[in-house]
Amino acid sequence: MRIGELARRTGTTERALRYYEEQDLLRPARRPSGYREYVETDVRTVRNIRTLLAAGLNTVTIGEVLPCMVTDGEALVPACPELSTVLLQDRERLTEAIDDLQAARRVLDAIIAGAGSPAARRVDACQPA
DNA sequence: GTTCTAACA
DNA sequence: TGTTAGAA
C-alpha cells in the first residue's frame, strides 16, 4: 500500500510516516516511480510506534525497543527480558523531567505572587503588549 | 489525484 | 510536525 492509505489506516499523517522512515523505524520498499510501498505489518508497527511515542520514548529508544515488542490485542507487551530495564530507565527520565517542570512552576508561582506587592504599583513601567 | 523532496513568516 | 512549492 502507498503512504496515503497507511496514513489513513493508522490515523497519522504522511509527514509523520516519512519521518519514521528517516528515523529508521520503518523500511518501506520503493516502486519504480519512487513511491514508498508499505506492507500489511507496517500498520501494526506504526500503531506501536505511536503508542511508544505517547509513552514519552524518543525515536532512538523506540528503534531499540520496537523489535522486542509483541502486541496482544490492544496492549503492547515486552517480548524480551532486557527490555524492562530500558523501560524503567526511561521512566526515571520522565520522573526527572516532571521534577524540573514542578520546580519551574514554583519559581513562576513566586513571581506571580509578587504581583500583589507595593513594588508592583509602578504602572508606568508597564508596556502594552 | 497522489506522492516526492526540500525548506521555512 | 505543519505546510507549501515545484516536479513527476
Side-chain angles (χ1 to χ4, degrees):
Chain A
M1 77 190 89
R2 290 176 307 184
I3 196 169
E5 185 183 342
L6 183 60
R8 251 192 322 96
R9 294 176 58 185
T10 55
T12 58
T13 62
E14 300 178 6
R15 174 74 161 88
L17 294 176
R18 295 190 184 103
Y19 176 69
Y20 298 158
E21 176 182 16
E22 208 172 272
Q23 302 302 304
D24 282 300
L25 266 26
L26 286 175
R27 311 305 194 79
R30 294 285 184 143
R31 295 185 176 185
S33 61
Y35 286 10
R36 273 164 267 251
E37 181 66 28
Y38 297 92
V39 294
E40 200 52 39
T41 56
D42 286 332
V43 174
R44 176 144 293 175
T45 300
V46 171
R47 288 181 178 145
N48 292 347
I49 290 173
R50 298 202 44 117
T51 297
L52 264 9
L53 242 21
L57 304 194
N58 55 234
T59 55
V60 175
T61 306
I62 293 178
E64 303 171 347
V65 161
L66 204 52
C68 292
M69 298 292 261
V70 62
T71 86
D72 175 38
E74 284 295 82
L76 253 188
V77 46
C80 312
E82 327 84 89
L83 201 54
S84 57
T85 64
V86 179
L87 263 23
L88 280 172
Q89 195 176 325
D90 237 77
R91 188 179 195 287
E92 283 183 34
R93 191 175 60 72
L94 288 179
T95 299
E96 286 178 21
I98 289 172
D99 290 344
D100 289 346
L101 284 173
Q102 291 182 326
R105 184 172 59 184
R106 282 194 295 276
V107 173
L108 189 55
D109 282 343
I111 295 173
I112 292 172
S117 77
R121 296 209 147 289
R122 295 195 47 210
V123 292
D124 57 299
C126 297
Q127 294 298 311

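Atoms considered below: every heavy atom in the structure, side chains included; atoms not considered: hydrogens, waters and symmetry mates. In the text below, chain A, chain B and the rest are named by the order of the sequence lines, each starting its count at 1.
Using a 4.0 Å cut-off between charged side-chain N and carboxylate O, A:Arg18 and A:Glu14 make a salt bridge.
A:Gly11 and A:Arg50 make their closest contact through O-NH1, 4.0 Å (heavy atoms, listed as atom of the first residue, atom of the second, distance). Closest approach of A:Thr71 to A:Arg44, counting heavy atoms only: OG1-NH1, 3.1 Å. Of all heavy-atom pairs spanning A:Leu87 and A:Pro78, the tightest one is CD2-CG, 4.4 Å.
Near DNA chain B, meaning a heavy atom under 4.0 Å away, there are no residues from residues 54-64 of chain A.
Using a distance-only test at 3.5 Å, with no hydrogens or angles considered, a donor-acceptor pair links the side chain of A:Glu37 to the main chain of A:Met1.
One finds a side-chain N or O of A:Arg2 lying less than 4.0 angstrom from the OP1 or OP2 phosphate oxygen of B:dT3.
Crowding of A:Arg30 atom CZ: a count of heavy atoms from other residues, nucleotides or ligands under 6.0 Å exceeding 12.
The other members of the hydrophobic cluster of A:Ile112, by chain and number, are A:Leu108 (side-chain heavy atoms under 4.5 Å, ILVMFWY only).
Contact annotation: the side chain of A:Arg9 approaches that of A:Glu40 to within less than 4.5 Å [non-hydrogen atoms, C-beta and beyond].
Residues satisfying the side-chain hydrogen bond (donor to acceptor under 3.5 Å, both in side chains) criterion with A:Thr45, sequence neighbours excluded, are absent altogether.
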Every protein N/O lying under 3.5 Å from an N/O of nucleotides 4-7 of chain B:
unit_1: B:dC4; atom_1: OP1; unit_2: A:Arg36; atom_2: N; d: 2.9
unit_1: B:dC4; atom_1: OP1; unit_2: A:Arg36; atom_2: NE; d: 2.9
unit_1: B:dC4; atom_1: OP2; unit_2: A:Arg18; atom_2: NE; d: 3.2
unit_1: B:dC4; atom_1: OP2; unit_2: A:Arg18; atom_2: NH2; d: 2.8
unit_1: B:dT5; atom_1: OP1; unit_2: A:Arg30; atom_2: NH1; d: 3.2
unit_1: B:dT5; atom_1: OP1; unit_2: A:Arg30; atom_2: NH2; d: 3.1
unit_1: B:dT5; atom_1: OP2; unit_2: A:Arg36; atom_2: NH2; d: 2.3

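Rounded to whole angstrom, the span from the CD atom of A:Gln23 across to the C1' atom of C:dT1 amounts to 12 Å.
Sorted by first and then second residue, the side-chain hydrogen bond (donor to acceptor under 3.5 Å, both in side chains) pairs with a member in residues 75-92 of chain A read A:Asp90-A:Arg93; sequence neighbours excluded.
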Please convert DNA chain C into dot-bracket. A pair counts if it is Watson-Crick or G-U wobble with both distances under 3.5 Å; crossing pairs go in [ ] and bases paired with another strand get |. .|||||||

